[in-house]
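Chain letters run A, B, ... following the sequence lines, proteins first, then strands; residues in each count from 1. Atom set for the values below is all heavy atoms of this structure, side chains included, hydrogens, waters and symmetry mates excluded.
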There are 2 protein chains.
Amino acid sequence: MELPIRISKDSREPIYHQIVNQFKALIAGGHLSAGAPLPSIRALSKDLEISIITTRRAYQDLELQGFIKTLQGKGTFVAEIAEDLKEEVKVTSVHNIIENAVDTALSYDYNLSQVKEIFLTILKDKEKGE
Amino acid sequence: MELPIRISKDSREPIYHQIVNQFKALIAGGHLSAGAPLPSIRALSKDLEISIITTRRAYQDLELQGFIKTLQGKGTFVAEIAEDLKEEVKVTSVHNIIENAVDTALSYDYNLSQVKEIFLTILKDKEKGE
DNA sequence: TATACTGTGCATATAGATATATACAGTATA
DNA sequence: TATACTGTATATATCTATATGCACAGTATA
């Protein structure tokens, strides 16, 4: 399966964390359903050109958070997650990041109506396909 | 002067980086004008309960980026920065963080009109004073 | 059963963020 | 001049993220 996992090695955000967040988005967003196999640790490591340890770390975090299940010798699979839990992850993740963006704008001395204007402009650009 | 610098020691973001970003916002946002003194390295370190090294690192970064000037023995002061440069920092910083928030929402499978709705709700909450 | 996949565990290494401590150097002012 | 502020420099230590390498263990299948 072709997974749209993309990492940036220059980012301040740790690689394993980038991987975790992207899988969370794919699972909570419904693009990966329960039982779907994830790439093997070795395959993903090779794809992203990172060490097995880093991929392993990401998968361990995802398992701890309940998003995936690993079965030794068989592989790694999307876990069964209650719909409302997925929805909660989705809602709070997005809410938090948007709220943080608004707070940052306010800290730069924009007022609320200016923030709204900037935001609507960005949305319009996205609609046009950037 | 009472500066609204607040750090989180649990954050994944390095402390020196949090300090840099907050001063950048204060300066580019116009809350600190050229020549204004910053707290001494020792005073800020004591206030925030962090080591002098960390504060120093933050101030060095800010100086490298041209936002402040340090004078040995005298103190640290907001640098003279062209208005249009300040404006550019302000605009791009805010634009980037909002665009990133929108992209995250899209990665969670929200569509643009849903993102808009969430955003407007958050803005309304802010207007009411949270 | 042999082979080729899966995941697991461990020992070790490097780099960066951060910390502590100590000493040095420039400046202002009573 | 004494003292109390400033910033500067350096040596050392800890923690975390990340890396490499190697060996082990479970599973599927020809």
Taking only side-chain N and O atoms of [X], does any of them lie within less than 4.0 angstrom of OP1 or OP2 on [N]?
| X | N | result |
| --- | --- | --- |
| A/Ser40 | C/dC5 | no |
| B/Thr76 | D/dG7 | yes |
| A/Thr70 | C/dT6 | no |

Which atom of [X] lies closest to which atom of [Y], heavy atoms considered:
| X | Y | value |
| --- | --- | --- |
| A/Ile81 | A/Leu85 | CG2-CB, 3.9 Å |
| B/Val20 | B/Leu62 | O-CD2, 3.8 Å |
| B/Ser51 | B/Ser45 | O-OG, 3.6 Å |
| A/Leu38 | A/Phe77 | CD1-C, 4.0 Å |

Can you tell me how far [atom2] of [N] sits from [atom1] of [X], to the nearest Å?
| X | N | atom1 | atom2 | result |
| --- | --- | --- | --- | --- |
| A/Arg56 | C/dC10 | CZ | C1' | 11 Å |
| B/Arg57 | D/dA9 | CZ | C1' | 16 Å |
| A/Ile50 | D/dG21 | CD1 | C1' | 17 Å |
| A/Glu49 | D/dT20 | CD | C1' | 16 Å |
| A/Glu63 | C/dG7 | CD | C1' | 10 Å |
| A/Phe77 | C/dG7 | CZ | C1' | 11 Å |
| A/Leu44 | C/dT6 | CG | P | 12 Å |
| B/Ile53 | D/dG7 | CD1 | P | 13 Å |

(request) May I ask you to decide if the ring planes of B/Tyr59 and B/Phe23 are parallel, tilted or perpendicular, using 30° and 60° as cut-offs? (result)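 Ring orientation of B/Tyr59 relative to B/Phe23: perpendicular.
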
(request) Check whether any side-chain heavy atom of A/Tyr108 sits under 4.5 Å from a side-chain heavy atom of B/Val91, and report yes or no. (result)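 A/Tyr108 vs B/Val91: side chains apart.
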
(request) Please tell me which of the listed nucleotides, D/dT18, C/dT18, D/dG7, lies nearest to the side chain of A/Tyr16? (result)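 Of D/dT18, C/dT18, D/dG7, D/dT18 is nearest to the side chain of A/Tyr16.
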
(request) Tell me yes or no: between the side chains of A/Thr70 and A/Thr76, is some donor less than 3.5 Å from an acceptor? (result)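 No, because no side-chain N or O of A/Thr70 sits under 3.5 Å from a partner of the opposite role on A/Thr76.
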
(request) Take nucleotides 22-30 of chain C nucleotide by nucleotide from the 5' end and write B, S or -, depending on whether a protein heavy atom sits under 4.0 Å from the base, only from the sugar-phosphate, or from neither. (result) ---BBSS--

(request) Using a heavy-atom cut-off of under 4.0 Å over every strand shown, decide if A/Ile41 touches base, sugar-phosphate, or nothing. (result)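 A/Ile41: backbone/sugar contact only, no base atoms under 4.0 Å.
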
(request) Assign B/Ser51 to base, sugar-phosphate, or nothing according to its heavy-atom contacts below 4.0 angstrom with the strands shown. (result)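 Base contact - B/Ser51 has a heavy atom under 4.0 Å of at least one base atom.
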
(message) How about CD on A/Glu117, more than 12 heavy atoms from neighbouring residues, nucleotides or ligands closer than 6.0 Å, or not?
(response)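 Not more than 12 within 6.0 Å, no.
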
(message) Would you say NZ of B/Lys86 has more than 12 non-hydrogen atoms from neighbouring residues, nucleotides or ligands within 6.0 angstrom?
(response)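 Yes, the 6.0 Å shell around NZ holds more than 12 heavy atoms from other groups.
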
(message) Expected output check: what is the dot-bracket annotation of DNA chain D, where ( ) and [ ] are pairs inside the strand (brackets for crossing ones), | is paired with another strand, and pairs are Watson-Crick or G-U under 3.5 Å?
(response) ||||||||||||||||||||||||||||||

